[in-house]
Amino acid sequence: MKKWGEVALGVVTSIGGFLEVGSIATAAQGGAEFGYQLAWAVLLGVAGLALLMEMTGRLSAASRRTYVDLLRERFGIRVFMAPLLATLIVSALVLASEIGGVSIALQMATGVAFRWWAVPVALVAWLFLWRGTFSMIEQGTAALGLVAVVFAVGAWKLDPQWATLGASLLPSAPSHDPARYWYLAVSILGASISPYLYMFYSSGAIEDGWTAEYLGVNRVTAWVGNLFGGGLNLAVLVVAALVFAPRQIRVDAYEQVGLLLGSPLGHAGFALLLATLCITCFGATVEITLAIAYMLAQGFGWPWSENLPPSEDARFSLSYTVAVIAAAVPIALGVDPLALTSLSMTLTAASLPLTVVPLLVLMNDAEVMTRYANGWVANLALVVIAVLSLVLFVAALPLQILGGG
Amino acid sequence: VSGSLASFLRPFIRLLSASVVLTAPAACASGPDLDTELATVRSWTATARLAIAERRAGATTATYTRQLGDRAQSVLAEARRTLGPIARTAADRQHAAWALDSLARALRALDEAARP
């Protein structure tokens, strides 16, 4: 019974965790410029992330060790430095974007410029990490993140053309501006399949004390949670397709996003949109900060756990303290949060092979996985994701150059 | 960089370098484009009109509407600077003038709507 309570919690966590500044911004841009046409990218991102989360969760439950820990042991510190550095850099950029997301939501609500909010937001996130426990972070952000359901309500009220939307779940050639179309597809995938998400999930499995008995919980949490979360992301795209696309509004600034739910839901829609942006970005801020500290601590063998008092894992606590304060600096200096988000989503997509390809090796390592190693279906799916990650790696930066403007 | 890390990274770096080298000249060759700039101006005109409608319907706040207006004003100022040099023919200049005028009018109306 306790385990299925955790399933419900895990599903709710995934719903809140999926939606954050990157997924909101890229889905809004995609919907505004191409209508429903990029819905397939959201679906592919959901499937890719669910697959990677299920596998890293299974890896942790079966071996009782985190993915980062095993990555370092299996490949050695020298090879490990490549995925570590790449993931740290992109996670730091995404973290800055999330702080920007909270700050811009607060700016829209109060009129005080976003740059003044960056440091207070970082300090509140730090305090939350310093004083909180893992379950508090997981449950607190999860419960509040449910406010994001407002996008589904908004999409429903706008009465989308379901047949067209359904057809858009299969990739199609762009109706115009192919460079921009593929750039947005890569950005949507980068926003969905972020390495910090599956690394955080793997660490969370250890924090929650998962064993092989939790494999069912893991499977349901990863798939159902991400499907619901992806559904909300799809709702953002649908709302943008129905509110912005007919008026030929392109999303060039976060301030425009504030107009998305006013038409279908009035003032409540506007207020809940700001609350969604603020809460989901704050939840992501806390999770990414923690993910950065997890990566460093697990990579270098330091004591780590969000459930320990900071005095017992000083280097872990110092890592998240430095990460969250440093990430606030670009936003405090006035760097445009949307430009930062777009760049960080592209670089996230480009960094994927460094963490996806080694997972293929670990998931087939009988010593690590015992009888829970990948079967041929899971391997085939992971190979497809690995190939996709290589395509994204090659295409991401050229598309940023050609279609990012 | 140690030997094993370098050998692990080498294929990734080669792939990345090749893709960037192949696309960079195309990006450098295309400067600011008139159609893209006009699309941006029209997008902000439509944004301002939607903001006016939502403000009048009581969906958004005066504080938020003012911010959107300020942002759109900076887009208008930027467009006035960039459109001049790239609108080369008389027809282009006419289109640019219409687009800028529409945005300026929408922003005046937005400014009125933003008053509490």
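Everything quoted here is computed from the prediction, not taken from an experiment. A note on names: the letters A, B, ... follow the listed sequences, proteins ahead of strands, and every chain is numbered from 1.
- Contacts of A/Gln256 with chain B are made by both backbone and side-chain atoms, with heavy-atom separations under 4.5 Å.
- At a threshold of 4.5 Å between non-hydrogen side-chain atoms, the residues A/Phe300 and A/Ile77 count as touching.
- Looking only at side-chain heavy atoms (C-beta outward), A/Leu38 and A/Leu237 come within less than 4.5 Å of each other.
- At a threshold of 4.5 Å between non-hydrogen side-chain atoms, the residues B/Leu50 and A/Phe244 count as touching.
- Residues of residues 267-274 of chain A that come closer than 4.5 Å to chain B, counting heavy atoms only, are A/His267, A/Phe270, ordered by residue number.
- The main-chain N or O of A/Ala386 is found under 3.5 Å from a side-chain atom of A/Ser389 such that the two form a donor-acceptor pair.
- Two residues are said to be in side-chain contact when any heavy atoms from C-beta on lie closer than 4.5 Å; B/Arg49 and B/Thr45 meet this criterion.
- Taking the six-membered ring wherever Trp is involved, the centroid distance between the rings of A/His176 and A/Tyr181 does not fall below 6.0 Å.
- The shortest distance between side-chain heavy atoms of A/Arg180 and A/Gln29 falls below 4.5 Å.
- With sequence neighbours excluded, the residues satisfying side-chain contact (heavy atoms from CB on, under 4.5 Å) with A/Trp156 are A/Trp162.
- Using a 4.5 Å cut-off between heavy atoms, B/Ala51 touches chain A through backbone and side chain atoms alike.
- A donor-acceptor pair under 3.5 Å links the side-chain atoms of A/Trp117 to the main chain of A/Val112, judged by distance alone.
- For residues 59-98 of chain B, the interface with chain A (any heavy-atom pair closer than 4.5 Å) comprises B/Ala59, B/Thr60, B/Thr61, B/Thr63, B/Tyr64, B/Gln67, B/Leu68, B/Arg71, sorted by residue number.
- With sequence neighbours left out, A/Ser351 forms a side-chain contact (heavy atoms from CB on, under 4.5 Å) with A/Ala86, A/Val90, A/Pro195.
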